[in-house]
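Structure first, then comments.
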Amino acid sequence: MLIPRQPVPGLTVETLSGAPFDLSADAAEFATLVVFYRGLHCPICATYLKELGRLTPDFAEKGVKTVAISSDDKDRAQQMADKVGFPDLRFGYGLPLSVAKDWGLFISTSRGTTSIGIEEPALFSEPGVFLVKADGTLYFSAVQTMPFVRPHFQEMVGALDFVQKNDYPARGEYTGAV
């Protein structure tokens with residue numbers, strides 16, 4: 001389990017832009033919003049990532065870079081990026097499932113063809129949203145076991161105003177006995 005205020009695991013993947021994404025070198029002013037999505041086969045992911053793409057400029061104004069990452073191959077990632085249609089949203093692909101597990105993501109097995117007629121990969125990770133501070137420590141996380149009920153990006157943009165104005169610390173950092 002990842003702990004707020006502690007370093008997150010390493011994260012390096014290829015991106016559709018051709019430049020690798022390396023979280024440790026991302027150089028965000030405040031934080032990087034890492035959004036792990038299930039893959040091209042997930043219609044809910046496409047809708048969710050459209051919202052992220054729409055709000056990427058708002059996050060950027062607050063010093064937050066955004067990236068969407070899946071274990072899909074380059075072709076499937078490109079299809080998702082085309083479907084989402086926001087060129088400012090970075091897409092990473094080829095996430096090793098061992099790295100997904102390091103981040104605490106749940107792994108699912110294929111159920112075949114989805115409701116939109118796209119085959120699920122044999123194994124893939126379920127969604128996760130992580131706000132990682134520029135110093136590489138975890139600020140916020142939400143990990144899902146299902147494609148449904150995810151954090152709202154508009155709420156996150158609004159919360160950043162409060163967080164930054166008040167220097168609000170990451171919560172959930174206590175690891176001692178209870």
Side-chain angles (χ1 to χ4, degrees), residues 1-39 45-72 74 77-78 80-96 99-105 125-144 150-175:
M1 174 172 48
L2 302 185
I3 306 295
R5 302 186 197 172
Q6 298 300 313
V8 297
L11 180 60
T12 304
V13 294
E14 295 300 318
T15 68
L16 294 177
S17 72
F21 170 80
D22 179 350
L23 180 59
S24 68
D26 201 38
E29 181 184 330
F30 179 74
T32 300
L33 183 61
V34 179
V35 178
F36 294 104
Y37 70 99
R38 301 173 82 221
C45 293
T47 301
Y48 195 57
L49 294 177
K50 285 179 184 179
E51 182 71 356
L52 178 59
R54 184 181 72 75
L55 292 171
T56 286
D58 296 337
F59 280 112
E61 287 177 12
K62 297 179 185 322
V64 176
K65 292 184 173 185
T66 60
V67 63
I69 299 173
S70 77
S71 58
D72 276 348
K74 184 178 183 179
Q78 185 64 62
M80 181 61 95
D82 292 345
K83 187 183 292 191
V84 169
F86 286 92
D88 289 342
L89 177 58
R90 296 178 292 174
F91 275 84
Y93 62 89
L95 175 72
V99 174
K101 287 187 82 164
D102 289 345
W103 280 76
L105 300 179
S125 63
E126 291 297 336
V129 177
F130 298 82
L131 188 64
V132 180
K133 297 276 298 253
D135 66 1
T137 60
L138 179 65
Y139 187 80
F140 164 89
S141 69
V143 176
Q144 305 298 125
R150 303 182 197 190
H152 296 279
F153 294 123
Q154 186 67 56
E155 275 183 40
M156 293 174 79
V157 168
L160 282 167
D161 287 332
F162 178 83
V163 163
Q164 292 172 335
K165 178 182 177 189
N166 296 291
D167 195 26
Y168 195 80
R171 304 310 311 264
E173 77 288 354
Y174 181 76
T175 60

Practice task
Test side chain to side chain contact (heavy atoms under 4.5 Å, CB included) on Leu160 and Phe30 and set out the steps.
Solution key: CA-CA 10 Å; Leu160 282 167; Phe30 179 74; 3.8 Å; yes

Handout entry: Set of salt bridge (charged side-chain N to carboxylate O under 4.0 Å, His left out) partners for Glu126, sequence neighbours left out
Key = Arg38

Handout entry: Flag side-chain contact, heavy atom, 4.5 Å: Thr137 against Val132
Key = no

Exercise for the section: Sort out for me which residue in Leu11, Val8, Leu105 forms a side chain to side chain contact (heavy atoms under 4.5 Å, CB included) with Phe130. Expected result: Leu105

Practice task
Drop me the distance from Arg171's CZ to Tyr139's OH, to the nearest 0.5 angstrom.
Solution key: 9.0 Å

Completion exercise
Taking every heavy atom of Asp102 against every heavy atom of Pro9, the minimum-distance pair comes out as O-CG, 3.5 Å

Problem - Short side-chain donor-acceptor distance under 3.5 Å, Thr66 and Thr56 - result: yes

Practice task
Decide yes or no for Asp22 and Ser24: does some side-chain heavy atom of the first lie under 4.5 Å from some side-chain heavy atom of the second?
Solution key: yes

Exercise for the section: Would you please test Tyr174 and Ile3 for side chain to side chain contact (heavy atoms under 4.5 Å, CB included) and show each step? Expected result: CA-CA 8 Å; Tyr174 181 76; Ile3 306 295; over 6 Å; no

Handout entry: From Asp72 atom CG to Gln78 atom CD, the distance as rounded to the nearest 0.5 Å
Key = 12.0 Å

Exercise for the section: Check whether any side-chain heavy atom of Thr32 sits under 4.5 Å from a side-chain heavy atom of Leu131, and report yes or no. Expected result: no

Handout entry: Pairwise distance CG(Leu55) to CZ(Phe86) - rounded to 0.5 angstrom
Key = 8.5 Å

Handout entry: Heavy-atom closest contact (Ala68 atom, Leu49 atom, distance)
Key = CB-CD2, 3.8 Å

Practice task
Answer whether the closest heavy-atom distance between the side chains of Tyr93 and Val13 falls below 4.5 Å.
Solution key: no

Handout entry: Close side-chain approach of Pro169 to Arg5, heavy-atom, < 4.5 Å
Key = yes

Handout entry: Exceeds 12 heavy-atom contacts within 6.0 angstrom, atom NZ of Lys74
Key = no

Handout entry: Side-chain heavy atoms of Cys45 within contact of Arg150, under 4.5 Å
Key = yes

Practice task
For the pair Lys65 (side chain) and Asp26 (backbone), establish whether a donor and an acceptor sit closer than 3.5 Å, ignoring hydrogens and angles.
Solution key: yes

Handout entry: is_close_aromatic(Tyr48, Phe153), centroid dist under 6.0 Å
Key = yes

Problem - Contact check, side chains of Leu23 and Val34, non-hydrogen atoms, under 4.5 Å - result: yes

Handout entry: Side chains of Ile69 and Phe91 in contact at under 4.5 Å (non-hydrogen atoms)
Key = no

Problem - Closest contact, heavy atoms only, Glu173 versus Pro4 - result: CB-O, 3.6 Å

Problem - Minimal non-hydrogen separation, Gly53 against Pro57, with atom names - result: O-CD, 3.7 Å

Fill in the blank from the handout: Separation between OH (Tyr37) and OG (Ser70), nearest 0.5 Å, reads 3.5 Å

Completion exercise
Value for NZ (Lys83) from NZ (Lys50), rounded to nearest 0.5 Å, stands at 8.0 Å

Completion exercise
What one should report as the nearest heavy-atom pair of Val35 and Leu52 is CG2-CD2, 3.6 Å

Handout entry: Atom pair CG/CH2 of Leu138 and Trp103 - distance to nearest 0.5 Å
Key = 7.5 Å

Exercise for the section: Check Val84 against Leu89 and note the closest heavy-atom contact, atom names and distance. Expected result: CG1-CD2, 4.3 Å

Handout entry: side chain to side chain contact (heavy atoms under 4.5 Å, CB included) between Leu33 and Val67, intermediate numbers included
Key = CA-CA 6 Å; Leu33 183 61; Val67 63; over 6 Å; no

Handout entry: Residues forming a salt bridge (charged side-chain N to carboxylate O under 4.0 Å, His left out) with Asp161, sequence neighbours excluded
Key = Lys62

